[in-house]
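Accompanying notes for the structure given below.
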Amino acid sequence: MATFGTIIKGEKPVLVDFYADWCGPCQVMMPELEKLKALVGDTVVVLKVNVDRNPEAAARYGVRGVPTLLLFQNGTIRWRQSGAHSAAQLQQIIQTHLIS
């Protein structure tokens with residue numbers, strides 16, 4: 001199994017959702033991420049990182065609130081924002097911020 005660091009360094013875009021089980025807006029994001037996956041298919045990797053189970057990863061990327069979404073491409077953060085987003089918003093964000 002590939003590590004988090006290996007996955008985010010790939011050419012394929014990676015949307016990382018830093019979340020917590022106790023977070024209401026994080027729970028709203030789950031179906032939106034599933035819709036996003038249906039929209040983008042295998043062109044984007046969607047990862048969920050639980051900040052309570054992975055505090056080192058949250059600290060490394062300066063996650064101070066949940067949900068926080070980061071979009072990586074080739075190991076570089078192309079976009080980041082806290083708060084819930086719809087699948088359509090995320091699809092637009094991905095298209096806007098990625099290098100073709």
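Values reported hereafter were calculated over all heavy atoms of this structure, with side chains retained and with hydrogens, waters and symmetry mates removed. Position 1 is the first residue of the sequence, and the numbers go up from there.
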From CD1 (Ile93) to CD (Gln81), nearest 0.5 Å: 6.0 Å
From Leu33 atom CG to Leu47 atom CG, the distance as rounded to the nearest 0.5 Å: 10.5 Å
Angle class for the His85/Trp79 ring planes (parallel below 30°, perpendicular above 60°, tilted otherwise)? perpendicular
In Å and rounded to the nearest 0.5 Å, what is the CG to CZ distance from Leu15 to Arg80? 12.5 Å
Look at Lys37 together with Glu34 and state whether they make a salt bridge at an N to O cut-off of under 4.0 Å. no
With the side chain counted from C-beta on, respond yes when Thr3 and Ile7 share a heavy-atom pair under 4.5 Å apart, and no when they do not. no
Would you call the rings of Phe18 and Tyr61 parallel, tilted or perpendicular if under 30° counts as parallel and over 60° as perpendicular? tilted
Return the CG to CD distance between Leu39 and Gln91, rounded to the nearest 0.5 Å. 4.5 Å
Please assess Val45 against Ile8 for the test side-chain contact (heavy atoms from CB on, under 4.5 Å), listing each intermediate value before the final yes or no. CA-CA 9 Å; Val45 175; Ile8 64 170; over 6 Å; no
Inter-residue atom distance Phe72.CZ - Asn74.CG, 0.5 Å rounding: 12.0 Å
Spatial distance of atom CG (Asp17) from atom SG (Cys26) [nearest 0.5 Å]: 6.5 Å
Check whether any side-chain heavy atom of Met30 lies under 4.5 Å from a side-chain heavy atom of Lys48, and answer yes or no. yes
Begin with the C-alpha distance, continue with both residues' side-chain angles, and end with the deciding distance and a verdict on side-chain contact (heavy atoms from CB on, under 4.5 Å) for Lys12 and Thr43. CA-CA 7 Å; Lys12 189 180 283 194; Thr43 62; 6.0 Å; no
